[in-house]
Chemist: 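This structure is in structure tokens; I'll ask about it shortly.
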Amino acid sequence: MKMIKAGIIGATGMVGQRFIKLLENHPFFEVRVLAASKNSAGKRYEEAVANRWKMDGDIPAYVRDLTVLDVRQIDEIAAQVDMVFSAVEMSKEEIKAIEEDYAKAEVVVVSNNSAHRWTPDVPMVVPEINPEHLAVLDAQKKRLGTKRGYIVVKPNCSIQSYAPALYALRAFEPYEVVASTYQAISGAGKTFETWPEMVDNVIPYIGGEEEKSEQEPLRLFGSVQDGKIVKAQEPVITAHCIRVPVSAGHFASVFVKFRKKPTKEQILEAWRNFKGEPQAYDLPHAPEHYIHYFEDNDRPQAKMDRDMEGGMAVSIGRLAEDTVFDYKFVGLSHNTIRGAAGGAVLIAELLAAKDMI
């Protein structure tokens with residue numbers, strides 16, 4: 001496979017920084033362009049980020065001296081890349097417009113943003129769950145008038161902690177779910193240094209998160225019909241989303257009813273054996289085991305388990321029969337790796353493996 005020329009738009013923010021870390025020495029992608037707001041344009045990346053670098057370790061040497069371009073220099077950027085990873089921070093309408101402009105410039109856009117998650121012909125993908133949704137891209141390219149350019153998005157970071165576990169149990173027909181998520185401060189692009197109010201604190205509301213948590217899994221579980229994604233009708237999900245004083249790692253407490261109630265061992269076996277196209281293709285960021293189950297009652301824990309398989313696996317624990325629902329369990333995923341930049345990189349790896357870039 002020849003190296004794919006890539007850019008990162010929104011490269012100075014937390015998710016953009018995570019893209020930079022994940023793409024260092026990548027076997028598929030060569031980062032040629034970094035772009036951000038006009039305030040950063042014209043600066044060396046190291047200068048543009050200055051004291052705002054939020055990742056562990058130093059800024060990777062391969063990007064330090066790259067000159068940051070203005071994200072709106074679409075033609076100049078498109079001339080240098082085959083694809084872009086999008087982490088731009090704008091209004092939803094601005095993001096929708098600029099991502100479509102990149103696609104119309106014949107650039108593949110793999111987006112971390114929420115703006116296009118409900119655009120009917122834009123696939124929202126977790127590669128192990130719904131790679132077949134990529135079939136809708138033909139309809140999208142026809143609408144946009146492109147030959148190569150298109151947009152693919154990844155879902156909300158918090159649903160990664162429970163949606164894969166539910167999907168792995170689809171044979172047992174889960175139909176009613178209560179999911180409470182306990183979300184790390186990095187999900188808001190914050191650290192404890194920049195958000196001291198979160199130390200020793202819990203905030204019981206995150207704007208827009210409950211609707212995403214209830215609806216986005218249904219789009220993942222849906223199907224392609226007549227050139228658009230049609231969401232599934234079940235399971236019906238109700239959610240609470242809470243911000244907690246954890247640096248990274250989104251947690252979920254889940255209760256579920258099944259039409260065909262499985263045994264505990266059947267559930268565990270389904271989780272143990274669950275894999276998808278990333279594992280079949282042996283993609284660079286594919287976890288060997290997507291879902292890990294812990295027998296110990298005090299696991300998973302954010303500090304100990306969020307980095308499982310490079311932060312790309314989902315950790316599950318405390319599976320038990322419930323007095324009201326059929327079963328309950330807890331889940332954990334790394335919100336800025338699997339839930340954000342890592343999930344987008346895995347999508348791009350799958351597109352590359354399928355020769356779609």
Side-chain angles (χ1 to χ4, degrees), residues 1-9 19 22-23 25-32 78 81-87 99-100 102-113 116-117 119-155 160 163-164 167-168 219-230 274-290 309-310 312-313 337-357:
M1 180 186 298
K2 71 174 185 178
M3 293 295 286
I4 294 168
K5 296 174 289 186
I8 302 170
I9 59 174
F19 275 128
L22 291 170
L23 293 168
N25 299 317
H26 197 284
F28 295 179
F29 307 110
E30 178 187 0
V31 176
R32 294 280 189 93
V81 302
D82 304 305
M83 66 160 299
V84 294
F85 294 95
S86 176
E99 290 183 347
E100 287 202 356
Y102 272 95
K104 289 175 181 177
E106 299 295 358
V107 173
V108 171
V109 179
V110 178
S111 179
N112 180 73
N113 297 304
H116 275 293
R117 288 182 190 157
T119 302
D121 58 11
V122 173
M124 182 179 73
V125 175
V126 172
E128 288 92 345
I129 292 177
N130 62 329
E132 69 276 7
H133 285 196
L134 296 174
V136 80
L137 290 173
D138 288 340
Q140 184 193 142
K141 288 190 285 187
K142 184 177 180 180
R143 173 176 65 86
L144 296 175
T146 62
K147 295 180 179 178
R148 300 186 309 277
Y150 59 79
I151 305 163
V152 180
V153 300
K154 52 150 291 297
Q160 317 273 347
Y167 183 75
R219 193 165 198 258
L220 286 180
F221 302 163
S223 60
V224 177
Q225 299 178 27
D226 299 322
K228 61 183 180 181
I229 308 296
V230 177
F274 183 61
K275 56 186 177 182
E277 289 192 2
Q279 289 71 36
Y281 281 107
D282 193 23
L283 299 177
H285 281 92
E288 182 179 0
H289 299 288
Y290 185 24
E309 298 213 41
M312 293 297 289
I337 302 181
R338 169 57 86 155
V345 169
L346 189 63
I347 291 170
E349 291 173 355
L350 181 63
L351 293 170
K354 290 176 171 287
D355 198 25
M356 296 178 67
I357 301 178

Chemist: Is a side-chain N or O of D82 found less than 3.5 angstrom from the main chain of K5, in a donor-acceptor match?
Modeler: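 Confirmed, D82 side chain pairs with K5 backbone.
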
Chemist: Output yes when a side-chain donor or acceptor of E99 lies under 3.5 Å from a complementary backbone atom of I151, and no otherwise.
Modeler: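 Judged by distance alone, no pair lies under 3.5 Å.
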
Chemist: NZ of K142: more than 12 outside heavy atoms within 6.0 angstrom?
Modeler: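 No, the 6.0 Å shell around NZ holds no more than 12 heavy atoms from other groups.
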
Chemist: Which heavy atom of A341 sits nearest to which heavy atom of L22, and what is that distance?
Modeler: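 Closest approach of A341 to L22: C-CD1, 3.7 Å.
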
Chemist: For H26 and F28, take the angle between the two ring planes, folded into 0 to 90°, and tell me which bin it lands in: parallel under 30, tilted 30 to 60, perpendicular over 60.
Modeler: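 Correct class here is perpendicular.
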
Chemist: Considering all heavy atoms of both residues, which atom of I357 and which atom of A352 are nearest to each other, and what is their separation?
Modeler: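 In terms of heavy atoms, the two residues are closest at CD1-N, 4.1 Å.
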
Chemist: Heavy-atom count around E288 CD within 6.0 Å, excluding the residue itself: above 12?
Modeler: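 No, the 6.0 Å shell around CD holds no more than 12 heavy atoms from other groups.
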
Chemist: How close do L144 and A103 get, heavy atom to heavy atom, and via which atoms?
Modeler: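 Minimum heavy-atom contact is CD1-CB, 3.9 Å.
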
Chemist: Evaluate Y150 against V109 for side chain to side chain contact (heavy atoms under 4.5 Å, CB included), listing each step before the verdict.
Modeler: CA-CA 6 Å; Y150 59 79; V109 179; over 6 Å; no

Chemist: For the backbone of H289 and the side chain of Q279, can you confirm whether one donor and one acceptor N or O come within less than 3.5 Å of each other?
Modeler: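 Here the side-chain-to-backbone pair does not exist.
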
Chemist: Quick one: does R219's side chain have a donor or acceptor within less than 3.5 Å of a partner on R117's backbone?
Modeler: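 Checked: pair present.
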
Chemist: Could you tell me whether a side-chain N or O of Y167 sits under 3.5 Å from a main-chain N or O of I129, the two making a donor and an acceptor?
Modeler: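 Checking the backbone N and O of I129 against the side chain of Y167, a donor-acceptor pair under 3.5 Å is found.
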
Chemist: Measure the shortest side-chain to side-chain distance between P127 and E277 over non-hydrogen atoms and say whether it is less than 4.5 angstrom.
Modeler: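 Sidechains of E277 and P127: no contact.
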
Chemist: Hey, could you give me the CD1/CG distance between I9 and N112, rounded to the nearest 0.5 Å?
Modeler: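 That separation rounds to 11.0 Å.
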
Chemist: Calculate, to the nearest 0.5 Å, the distance between atoms CG and CD1 belonging to L346 and I337 respectively.
Modeler: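 Here the rounded value is 12.5 Å.
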
Chemist: Restricting to non-hydrogen atoms, name the atom on A163 and the atom on L220 that form the minimum distance, rounded to 0.1 Å.
Modeler: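 Result for this residue pair: CB-CD1, 4.5 Å.
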
Chemist: List the steps and the verdict of side chain to side chain contact (heavy atoms under 4.5 Å, CB included) for L351 and M83.
Modeler: CA-CA 11 Å; L351 293 170; M83 66 160 299; over 6 Å; no

Chemist: Salt bridge or not for R143 and E100, using N-O below 4.0 Å?
Modeler: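 A salt bridge links R143 with E100.
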
Chemist: Measure the CD1-CZ distance between I8 and F85 for me, rounded to the nearest 0.5 Å.
Modeler: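 Interatomic distance, I8 CD1 to F85 CZ, rounded to 0.5 Å: 7.5 Å.
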
Chemist: Closest heavy-atom contact between V107 and A78?
Modeler: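 Closest approach of V107 to A78: CG2-CB, 3.6 Å.
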
Chemist: When you look at V224 and I229, which way does the side chain to side chain contact (heavy atoms under 4.5 Å, CB included) test go after all the steps?
Modeler: CA-CA 5 Å; V224 177; I229 308 296; 3.6 Å; yes

Chemist: What are the two closest non-hydrogen atoms of F19 and S86, and how far apart are they?
Modeler: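 Shortest heavy-atom contact: CE1-O, 4.2 Å.
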
Chemist: Using the rule given for side chain to side chain contact (heavy atoms under 4.5 Å, CB included), can you reason through F29 versus E349, listing the C-alpha separation, both sets of side-chain angles and the distance that settles it, and then say yes or no?
Modeler: CA-CA 9 Å; F29 307 110; E349 291 173 355; 3.9 Å; yes

Chemist: To the nearest 0.5 Å, how far apart are CD in E128 and CG in L350?
Modeler: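 Reported to 0.5 Å precision, the distance equals 9.0 Å.
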
Chemist: How long is the straight-line distance from CG of L134 back to CG of N130, given to the nearest 0.5 Å?
Modeler: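 Between atom CG of N130 and atom CG of L134 there are 7.5 Å.
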
Chemist: Check whether any side-chain N or O of K154 sits under 3.5 Å from a backbone N or O of G339 as a donor-acceptor pair, and report yes or no.
Modeler: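 A pair under 3.5 Å: yes.
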
Chemist: Say you draw a straight line from NZ of K141 to CD of E106; how long is it, rounded to the nearest 0.5 Å?
Modeler: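 Going from NZ on K141 over to CD on E106, the span is 9.0 Å.
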
